[in-house]
Amino acid sequence: MLLRMSTLFLRTLREDPADAEVPSHRLLVRAGYVRRVAPGIYSWLPLGYRVFRNVERIVREEMERIGAQEVHFPALIPREIYEQSKRWDDYGDTLFRLKDRKGADYLLGPTHEELFTLLVKGEYSSYKDYPLALFQIQTKYRDEARPRAGILRGREFVMKDSYSFDLDDEGLAASYAAHRVAYQKTFDRLGLDYRIVFAVSGAMGGSASEEFLAPTESGEDTFVQCENCDYAANTEAVEIAVPEPREAVDQPDSAVLDTPDTPTIATLVDRLNTLGLGREFTAADTLKNVVLKTQAPGQTEWKLLVVGVPGDREVDLKRLQGQLEPTQVAQAEPADLASEPRLVKGYIGPQILKEIGVTYLVDPLVVPGSAWVTGANVENKHAIAVVRGRDFEPDREVGAVEIRDGDLCARCGGHLSIARGIEIGHIFQLGRKFADTFGLDALGPDSKPIRITMGSYGIGVSRAVAALAEQHHDELGLVWPAAVAPADVHLVAAGKEDQLAAAETLAAAFAAAGVRVLLDDRTGVSVGVKFKDAELIGVPLIVVVGRGLVDGLVEVRDRATGERSDVALSAVVAQVSASVGNS
RNA sequence: CGGGGCGUAGCGUAGUGGCUAGCGCGCCUGCUUUGGGAGCAGGAGAUCGGGAGUUCGAAUCUCCCCGCCCCGACCA
């Protein structure tokens, strides 16, 4: 392969585009890889499309390696198919909907579970046909409320999605494991730094669920990782270490105290410490009861919900929502509170919740037998030594507190640290949700139907390009890993005539040796511009045919390390093709 | 949808009531230059986001609308 800068459709920008903030967006635009068409919608230019196709190729190869077979579905899908799975309504505003000339409804696919399931149902009917894994690499559409960060989160993006079809749970587990390995190989080959984190399976249902996150500052997913063991989870799924449970019975009796004007945790703690109770209280000794409301799927009615957390912690609504899916959770409005006068704002305690029929969830930090200062359900009064298992019993535990940097790992007790990452892949065991919806069965050896169980696996192909740019750049520009770079060598002809002629000859030799070469054969461009462009474009090796030519030397530069060495013109092809072959 | 910022040439920007809207990059022509985004000279390119209004006069002031970016809500 030989690409010539003199004719390449490329214009680099000297300055950062004003609308770009994150590094990938800035650099991909500056280096002429992509151009914005509309918010969240981008065109891929020749260099960018080469990187894109390299990523796509690697993803495809690793899918095929585990026996997944590639298909290609339409992006344009009739409404009826999504009606069957209820997602025409359930997906909400994020679904791109459109009408044809007859007024019939269509959508642009955000994911393709329906089509995969229906396709298999239409073709396969025997247990002998399974297991099966299919995948596609397809443009997906989501009408994001707020597209952002260039191609990291667009309204149109390319995703590889695959689905496994198995007869039983063991088969699903095996398919899931195969995909997990394939994803590791894929991201390893791409040169992405990533973490596999536990996730909640969310609205899609199912059990096992893990995300592949590429740690980077501009990532929009927060996750937690243990500094001691390999535990990592996103903030919805994370579990932190909790205190040992205690015996409820042998604890001091509960008592009600006068605590006027203490509707907040801070005012309460101040007051407690003036009462001479023989100990110092902190916010962590109090039990905060936050009033929320929930809406079960398919219901229009909202029900009150109280969540108890230690007073020094906030409730993380997003985390809570993630665990209560598909039930919706929201902050209770004053009007909601008014519907239950026995809940006294600022003085709510769990002691009466059973009696008044309000669901009570506690964070696991509120362990059985733990004693708390909490509201007495009377204006200006709090209760002390309120013990879980004696004075109240929650309906269940749910991880609700905001995770802090330094919280302890539930596995090993090590410190947890919070980081941000880009979700580049997600694997989960979908189970029988769509098989149930569409009646996907295989006929078993006993002539009885077997309901198929599915796994769902996604890789954001276009997003991976952006994630690579996020992880592989410096102040000068992009620094592509060899496997995805638009070329192996960026060959700069530093001068005219002799040097240009020598560069031409060398470029032909590289190409003949199977080295992908980008030749800067532009005349009338100063060498400084060529160097800057080479650094911005980020091909791993830069070879300069310049002043050393009179001595039969060219300069080889490593874009990543900045290392430079002079190599004999006669030896450079062999040296470079060896290093390219090794990578 | 809430909060903030911003719309002037392909890109980055200056210009807060007064002459022909200025500058840098990029682009075109010519000459010079060739190891770090070159120099000189000449040139093309803008309905100043749109509409309405105020005014002798509007990029500039007022109102409405549209769009973009960032934060949040939301979101595999």
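All heavy atoms count here, side chains included; hydrogens, waters and symmetry mates do not.
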Student: Need to verify one output field. Residue with the more 5' nearest nucleotide on RNA chain B, A/R463 or A/V525?
Tutor: A/V525

Student: Check the distance between B/G72's P and A/E144's CD and give it to me in whole angstrom.
Tutor: 14 Å

Student: For the residue pair A/D533 and A/T12, confirm or rule out a side-chain donor-acceptor distance under 3.5 Å.
Tutor: yes

Student: Rounded to whole angstrom units, what separation is found between the CG atom of A/D533 and the P atom of B/G35?
Tutor: 17 Å

Student: Check whether any side-chain heavy atom of A/L468 sits under 4.5 Å from a side-chain heavy atom of A/V55, and report yes or no.
Tutor: yes

Student: Tell me, do A/L518 and A/I537 make a side-chain contact under 4.5 Å, heavy atoms counted?
Tutor: yes

Student: Polar atom pairs between nucleotides 66-69 of chain B and protein, under 3.5 Å, N or O only, would you list them?
Tutor:
none

Student: In whole angstrom, give me the gap between the C1' atoms of B/G17 and B/G12.
Tutor: 27 Å

Student: Kindly indicate whether the side chain of A/L305, heavy atoms from C-beta on, has any atom under 4.5 Å from the side chain of A/V307.
Tutor: yes

Student: With rounding to the closest Å, how many angstrom separate the C1' atoms on B/G5 and B/A9?
Tutor: 23 Å

Student: Rounded to the nearest 0.5 Å, how far does CH2 of A/W44 lie from CZ of A/R53?
Tutor: 11.5 Å

Student: Provide the distance between the two P atoms, one in B/A76 and one in B/G67, to the nearest whole Å.
Tutor: 25 Å

Student: What's the spacing between A/I424 CD1 and A/E211 CD if we round to 0.5 Å?
Tutor: 11.0 Å

Student: Across the strands shown, which category fits A/V544 at heavy-atom distances under 4.0 angstrom: base, sugar-phosphate, nothing?
Tutor: base

Student: Considering only nitrogen or oxygen atoms on both sides, find all protein atoms under 3.5 Å from nucleotides 23-29 of chain B and state each distance.
Tutor:
unit_1, atom_1, unit_2, atom_2, d
B/G24, N2, A/E15, OE1, 3.2
B/C25, O3', A/R14, NH2, 3.0
B/C25, O2', A/R14, NE, 3.3
B/G26, OP1, A/R14, NH2, 3.3

Student: What is the distance from CD of A/E497 to P of B/G35, rounded to the nearest Å?
Tutor: 14 Å

Student: Using the C1' atom on both, measure B/G51 against B/C66 and round to a whole Å.
Tutor: 10 Å

Student: With rounding to whole Å, what would you report as the distance between B/G45 and B/G10 at their C1' atoms?
Tutor: 9 Å

Student: Measure the acute angle between the ring planes of A/F187 and A/Y183, then classify it against the limits of 30° and 60° as parallel, tilted or perpendicular.
Tutor: perpendicular

Student: Quiz question: by atom type and distance under 3.5 Å, do the side chains of A/Q138 and A/H112 form a donor-acceptor pair?
Tutor: no

Student: Does the side chain of A/Y42 reach to within under 4.5 Å of the side chain of A/H25, using non-hydrogen atoms?
Tutor: yes

Student: Provide, to the nearest angstrom, the distance between the NZ atom belonging to A/K530 and the C1' atom belonging to B/U34.
Tutor: 9 Å

Student: Within the 4.0 Å heavy-atom criterion, would you say A/E555 contacts the bases, only the backbone, or no part of the nucleic acid?
Tutor: base

Student: So, applying ring pair (Phe, Tyr, Trp, His ring centres under 6.0 Å) with A/F116, which one of A/F434, A/Y457, A/F165, A/Y163 is it?
Tutor: A/Y163

Student: Is any NZ, NE, NH1 or NH2 atom of the basic residue among A/E70 and A/R60 found under 4.0 Å from an Asp or Glu carboxylate oxygen of the other?
Tutor: yes

Student: Please state the C1' separation for the pair B/A59 and B/C6 - nearest whole angstrom.
Tutor: 15 Å

Student: Whole angstrom is fine here: how far is it from CD in A/E535 over to P in B/G35?
Tutor: 16 Å

Student: May I ask you to test the A/V120-A/L132 pair for a side-chain heavy-atom distance under 4.5 Å?
Tutor: yes

Student: Please give the distance between the C1' atoms of B/G35 and B/C28 as a whole number of Å.
Tutor: 28 Å

Student: Please report the distance, rounded to the nearest Å, between NZ in A/K532 and P in B/A38.
Tutor: 10 Å

Student: What integer number of Å spans the C1' atoms of B/A46 and B/A21?
Tutor: 9 Å

Student: Whole-Å distance between B/A76 C1' and A/K160 NZ?
Tutor: 12 Å

Student: With sugar-phosphate meaning primed atoms plus P, OP1 and OP2, does A/R30 contact a base, only sugar-phosphate, or nothing at under 4.0 Å between heavy atoms?
Tutor: base

Student: Reading RNA chain B 5' to 3', how would its secondary structure be written in dot-bracket notation, given Watson-Crick and G-U pairs with both distances under 3.5 Å, brackets [ ] for crossing pairs and | for partners on other strands?
Tutor: ((((((((.[[[[.)..(...]]]].((((((.....)))))).....[[[[[..)....]]]]])))))))....

Student: Going by the angle between their ring planes, with limits at 30° and 60°, are A/F96 and A/Y141 parallel, tilted or perpendicular?
Tutor: perpendicular

Student: Need one value for A/E220: base, sugar-phosphate or nothing, where a base atom within 4.0 Å counts as base even if backbone is also close, heavy atoms only.
Tutor: nothing

Student: Distance check needed: B/A76 P versus A/L152 CG, whole Å only.
Tutor: 17 Å

